[in-house]
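Take a look at the structure set out below.
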Amino acid sequence: MSDDRPEAPYLELLVRGAPAEAYERPVLRARADKAPADRLAALERAKLLALRVRGELEGRRRREAELSALYETAHDLAGLRDLDAVLQAIVQRARSLLGTEVAYLTLNDPTAGDTYMRVTDGSVSARFQQLRLGMGEGLGGLVAQTARPYVTESYFHDPRFQHTHTIDAGVRDEGLVAILGVPLLLGSGVIGVLFAADRRARVFEREQTALLGSFAAHAAVAIDTAHLLAETRTALAELEAANEIIRDRSRVIERASEVHDRLTELVLRGGGVHDVAGAVAEVLSGSVEFLEVDEAPAAAVDRSRADGHAVRDGEEDWVAAVSAGGELLGALVLRGHPRLDPMDQRTLERAAMVTSLLQLARRSAGEAEQRVRGELLDDLLDTPDREPRLLRERAARLRADLDTPHVVLAAGIEAPGTGTPAAGPGGTPVGSPGGAPGSGPGATPGSRSGGAPGGGSGSAPAEDAEGRRRLWSAASHLAVTRHGLAAARDGGTVLLLPLADGDTADALARRTARQLGTAVHAAVTVGASAPVPAPAARPGEVAAGYAEARRCLAALRVLGRAGQGAAAEDFGFLGLLLAGTREGAPDGTGVQDFVTRTVGAVIDYDERRGTELIRTLDAYFAGGMSPARTKDALHVHVNTVAQRLERVGRLLGPDWQSPARSLEIQLALRLHRLASAVGY
């Protein structure tokens, strides 16, 4: 007797595990038999319920298989012996459960800075199996860089990641289309990527992404476990070696203890850096000396700062950087030791640390003197009518002689990696003319430094204030060692340094830029004045020299020479403009007359009409007198360029493009641009 219940045929299908399309047949048969509408509706409801039950059963079977595979993977990890075998099993199971044609795993290579293919399953292309992906390249590089899963239904049509010829060629060789990649995470770091891929377009479900992520977690644990085992073996070997070293090195330990006691005693009784060097020299049986920043071997010092250890310099020397708070203070150099025992190396490093503490203590004591030096220089700049006798007395207490030739130098630190000046107070470029008040003669008291920079008003970022502070500190130290003066001013630093016999202002500027740049680890631009014969006798020339130095500083930046040092004499004919109106120097009227005579009509026309003829001329000559390149540079139509050049011709005369006239015009344009930049 047949069962008339509508769910009966579907229960039989569920028992048999029939495919989904078989669930349509009872409804089709009932329609063919012209069953009543209520019977058909009941069958439809039963079908939907049966399909839902079938989906649940399939999901449970799938989850059971996934859990079983994860359990087997965990079991493999528990008895880990061969890392390659465990990773191969993980990749094979991932491929089987996700039903993909290919699965593979890549690992990051910290040394090369990329990620490489480690294990594959289902791959047929040798090129694909040897792929290396740069960080951020391809889907795998993006996963390794962002630590997030990524999936693409069609690799070659997905613009979200960076395509490269090498990676695309490998993927094309393998014939892959749809790719899912999940990161292998250890803590917060990515050590590799696990992939599942098909050679046809495919949508990966969220559950499949989660499943692959679980396998990736197991793979990461396997790799970490293998590394820990290797590290344990290495550690055991190192412990055995350490025991041998301890037995053989008791004398070295006693010597290190002796050094510690002696250095502690030196600090407590107020010893200096040379006392430290002498104590270390006795213990290490060599020659040890402390070198200032500009005297120390730069390459070795940089390596020592980066490593945090003493490093070899040449065949027989060792160098330990002396630094504090990111600032280089000098270096300890041990000479005459081709090979240095690790314990002795640490002794040299400890001595460098003690030396940095002593240097900081000495600096703290010297900050008061630096402030006094800054106040004296501020008075020379702001109050040129001071009594020379009082200036000489104040300078003598600072071991400075203001009756000998000096040079005024304006120094500004450049923004890291840009070659542009860091922002000064209120956003003004450091050392730029026309910025903060107090640039040159007639400076107001409000522009004075009043000590270290960085405490004024304005919205300069904290890193700019820190850069100015480090520049002022380095300049003050340089002023002390050279018996000069230094002050923070106008968002930068001003120095008044003595000029040695045979030296020049230009050479002193270059040397100062190099020394300050080394000290602060950033590009420093330095402009210098012509020599001031006797600042105490003629204090007014110090302010004029400062104005000239600042114009040289601005000119260096305009001419693309940021990070260098120069005086007006280094600029050739441009020096006429930079020298300004100091006594004995050209007053600049000849230069201005030349500019006015040559292109003054065009400048006046722009000012009256608000046009851009001068800018068009600059672009025209910069583009090799090509209207096409000129219109590209100005982003205008070529007809506009032609109309502007026609207007220039009417203003300058028909022969303005002849070789002689065009040379004069280009020279006048450059002088006009430079004069505007330096505020002349």
Side-chain angles (χ1 to χ4, degrees), residues 377-378 380-384 402 404-412 421 429-444 447 475 479 484-487 489-499 503-513 516 524-559 561-562 564-592 671 673-680:
L377 182 51
D378 278 331
L380 286 169
L381 291 171
D382 297 335
T383 317
L402 296 184
T404 61
H406 282 63
V407 173
V408 184
L409 302 112
V430 173
S432 297
S439 57
T444 65
S447 69
L485 306 176
R489 198 174 184 88
D490 300 325
T493 300
V494 56
L495 299 97
L496 182 66
L497 298 182
L499 187 66
D503 204 358
T504 64
D506 185 57
L508 180 59
R510 290 197 301 271
R511 192 162 58 248
T512 302
L516 293 179
V524 175
T525 308
V526 176
S529 72
V532 178
R538 307 174 71 176
E541 290 197 14
V542 177
Y546 177 50
E548 179 182 334
R550 294 191 72 216
R551 287 196 293 271
C552 287
L553 171 62
L556 284 169
R557 286 168 171 163
V558 169
L559 298 176
R561 293 174 56 184
Q564 301 179 23
E569 63 193 54
D570 186 45
F571 290 92
F573 69 87
L574 298 180
L576 296 173
L577 177 65
L578 301 175
T581 58
R582 287 190 52 201
E583 185 175 341
D587 62 6
T589 56
V591 172
Q592 188 58 47
L671 286 171
R673 184 168 62 252
L674 184 58
S676 300
V678 301
Y680 182 78

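Excluded from the calculations below are hydrogen atoms, water molecules and symmetry mates; all remaining heavy atoms, backbone and side chain alike, are included.
When all heavy atoms are compared, the tightest approach of E548 to A530 is OE2-N, 3.1 Å. Nearest heavy atoms, P531 versus L499: CG-CD2, 3.7 Å. The two residues A528 and C552 make their nearest non-hydrogen contact at O-SG, 3.6 Å. Between L409 and V407 the shortest heavy-atom distance is CD1-O, 3.6 Å. Nearest heavy atom pair, residue A567 against residue S529, reads CB-O, 4.5 Å. For the residue pair L556 and Q564, the shortest heavy atom distance occurs at CD1-O, 3.6 Å.
Under the 4.5 Å side-chain criterion, counting only non-hydrogen atoms from C-beta, R489 is not in contact with L377. Contact annotation: the side chain of L380 approaches that of L402 to within less than 4.5 Å [non-hydrogen atoms, C-beta and beyond]. Residues V524 and T493 fail the side-chain proximity criterion, which asks for heavy atoms closer than 4.5 Å. Residues L381 and V542 have side chains in contact (heavy-atom distance under 4.5 Å, counting atoms from C-beta outward).
Within the model, atoms NE2 of H406 and CG of L495 stand 11.0 Å from one another, a figure rounded to the nearest 0.5 Å.
Among residues two or more places apart in sequence or in another chain, the side-chain contact (heavy atoms from CB on, under 4.5 Å) test is passed with A410 by Y546, A549, R550, L553. Take A513 and apply the side-chain contact (heavy atoms from CB on, under 4.5 Å) test, not counting sequence neighbours, and it matches V526.
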